[in-house]
**Student:** 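Before I ask anything, let me first share the structure, which is written out below as structure tokens.
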Number of protein chains: 2
Amino acid sequence: MEKEIGYITSLIGDPVRTNILWTLLDNKAYTATELAISADTSPQNISMHLNKLVKADLLVVESQGRHKYYRFSKPEVAYAIEAIGNLLPTEKHKKIVTNIDNSSIKYCRTCYDHLAGRIGVLITEALLKQKIIVENTNTYSLTKKGNIFFSELDVNIDDLKKHRRIFAKPCLDWSERKHHLAGSLGAALLDKMLLLDYIRRTKKSRAIVITSKGQKHLYEKFKVSV
Amino acid sequence: MEKEIGYITSLIGDPVRTNILWTLLDNKAYTATELAISADTSPQNISMHLNKLVKADLLVVESQGRHKYYRFSKPEVAYAIEAIGNLLPTEKHKKIVTNIDNSSIKYCRTCYDHLAGRIGVLITEALLKQKIIVENTNTYSLTKKGNIFFSELDVNIDDLKKHRRIFAKPCLDWSERKHHLAGSLGAALLDKMLLLDYIRRTKKSRAIVITSKGQKHLYEKFKVSV
DNA sequence: TCTATAGTTAAGTATAAAATGAAGTGTTAA
DNA sequence: TTAACACTTCATTTTATACTTAACTATAGA
């Protein structure tokens, strides 16, 4: 058994492969070249590493013309990477939070397929404060007010609940050390905010930019100023 | 950020350190020599590895006379290791399950501080079937019947709920691919079963042996035959 | 106080695996 | 139909770091 586990840990343990997995954590698919740039290495090298990750069934690959798109094979991979992220030493972590250089990725990023970072945490806190969601042990559930709120946003709650996936749960954030909204409700909220152009994804990272339209609405709805 | 994560993943990625972490997953403290034997390496080498893990705040060490006892610094470490365990390829996993040699660790082992493996899953299923616990999204809660059940076992539910730790939640088992009971209730149940001598820990692994007394009671209480 | 045990530290070596260079295949688009 | 691009394969080189050898400290027990 140790050998089997060692196989996976040694795969995750290489710096280039860690960079790949960390980049893919926003649940987007990236091409080999994009990942090579992100990991600052050669195409040959990234090809070798990606092959190992695919063979180990951590990633899946899809060919589109001359491009190959890589993404996680299953949510468990994202969970494991996030769980490792939560092991970051606290002092080092503080340094990151107070580091202004990468503030955009700090305040605003996605975690797998939902909003994370400072914005994710602030919005979640606002949802709790306004009693749109309530916290149980390790889950969130919607109040009546919450049902109205999300139906006004044109999110079909019943559809979400049909899925086998967890509906709404707190997810510990590595940068904020607080919880943000995860699960299918969290994913639906992110989708809707992207659709409404409150926020936009950036090309090369997990950073999210907030549009002026978004700023206005975030303040109106949640009293969140960014 | 990638560098910080890479630091942790490369730590976890070494085979000897993986062995250490995997061994410690039962939440017992082990001495350096025990861990060296487990990882089949020299005292000098294990010393070096343990130092790295302590410096990274994954482990803490306590001196007792001429011995040094190592254990996880926080539950997050166990969660991360378990999350990695869930990434094991399914085919390989099947091979393990049908492998009779390590059947004891397969049927009966602990995960951090609660009962896992086949027994953990069977008991959890029995608790659900008998409506002692009910499943919500990603949590379990106690029914009235459950409150009586655990008070008869002399488990103080109110005390458990006072802790900041999650009370009861499903934990995906890497060997069974089903859920077992985790959280403080799971830990309390394991403690009680050890105290009542239904089960005993073995010296050198996470395997648990079931006593004949335990077999009898497990069948009476849960209709679980082992 | 002497011996065995538990663990550490430091310098040197060995080796596995990552990176590179060169030469490919297949794809798009001018 | 040619050139540029996206990616791969394989042989070779490089390098990081785990491990060894050897000498050490600290504790326990006799």
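Just so we're on the same page: letters track the sequence lines, and every chain starts at 1.
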**Student:** What is the separation between atom NZ on A/Lys55 and atom C1' on D/dT9, rounded to the nearest whole Å?
**Tutor:** 11 Å

**Student:** What is the distance, to the nearest angstrom, from the CG atom on B/Leu11 to the P atom on D/dA16?
**Tutor:** 17 Å

**Student:** Report the distance from atom OH of A/Tyr30 to atom C1' of D/dA6, rounded to the nearest whole Å.
**Tutor:** 19 Å

**Student:** B/Pro43 has a side chain; which of D/dT8, C/dT8, D/dA4 sits nearest to it?
**Tutor:** C/dT8

**Student:** Report the residue (B/Ile46 or A/Lys52) whose heavy-atom-nearest nucleotide on DNA chain C is the more 5′ of the two.
**Tutor:** B/Ile46

**Student:** Name the closest nucleotide to the B/Lys68 side chain, picking from D/dA18, C/dT8, C/dT20.
**Tutor:** C/dT8

**Student:** Could you tell me how the ring of B/Tyr198 sits relative to the ring of B/His217: parallel (under 30°), tilted (30 to 60°) or perpendicular (over 60°)?
**Tutor:** parallel

**Student:** Of the options D/dC5, D/dA18, C/dA19, whose atoms approach the side-chain atoms of B/Asp14 most closely?
**Tutor:** D/dA18

**Student:** Tell me which nucleotide among C/dA18, D/dT20, C/dA19 gets nearest to the side chain of B/Asn45.
**Tutor:** D/dT20

**Student:** Roughly how many Å is it from CG in A/Asn51 to C1' in C/dA19, rounded to a whole number?
**Tutor:** 16 Å

**Student:** Measure NE2/A/His67 against C1'/C/dT27 and give the value in whole Å, please.
**Tutor:** 9 Å

**Student:** Salt-bridge test for B/Asp158 and B/Lys161: reply yes if a basic N is under 4.0 Å from a carboxylate O, no otherwise.
**Tutor:** no

**Student:** Mind calculating the distance between CE (B/Met48) and C1' (D/dT21) to the nearest angstrom?
**Tutor:** 14 Å

**Student:** Counting side-chain heavy atoms from C-beta on, which of C/dT20, D/dC19, C/dT8 comes nearest to A/Ser42?
**Tutor:** C/dT20

**Student:** Measure CG/B/Leu53 against P/D/dA18 and give the value in whole Å, please.
**Tutor:** 10 Å

**Student:** Can you identify which nucleotide, out of D/dC19, D/dC7, C/dT5, has its nearest atom closest to the A/Ala32 side chain?
**Tutor:** D/dC7

**Student:** Let me know, please, whether A/Arg17 or A/Gln44 comes out on the 5' side of the other along DNA chain C by nearest nucleotide.
**Tutor:** A/Arg17

**Student:** Side-chain contact, heavy-atom cut-off 4.5 Å: A/Leu181 with A/Leu127?
**Tutor:** yes

**Student:** Of the nucleotides D/dT9, D/dT20, C/dT28, which has the atom closest to the A/Arg66 side chain?
**Tutor:** C/dT28

**Student:** Is the closest side-chain heavy-atom distance between A/Leu189 and A/Val155 below 4.5 Å?
**Tutor:** no

**Student:** Would you kindly give the CG-to-P distance between B/Leu50 and C/dT9, to the nearest whole Å?
**Tutor:** 12 Å

**Student:** Could you check whether any side-chain heavy atom of B/Met48 comes within less than 4.5 Å of a side-chain heavy atom of B/Val16, counting everything from C-beta outward?
**Tutor:** no

**Student:** Looking only at the side chain of A/Ser47 (C-beta and beyond, no hydrogens), which of the listed nucleotides C/dT9, C/dG26, D/dT9 gets closest?
**Tutor:** D/dT9

**Student:** Once you apply a heavy-atom cut-off of 4.0 Å, does A/Tyr70 come out as touching a base, just sugar-phosphate, or nothing?
**Tutor:** sugar-phosphate

**Student:** Quick check for you: among D/dC7, C/dA19, D/dC5, whose closest atom lies nearest to any side-chain atom of A/His49?
**Tutor:** C/dA19

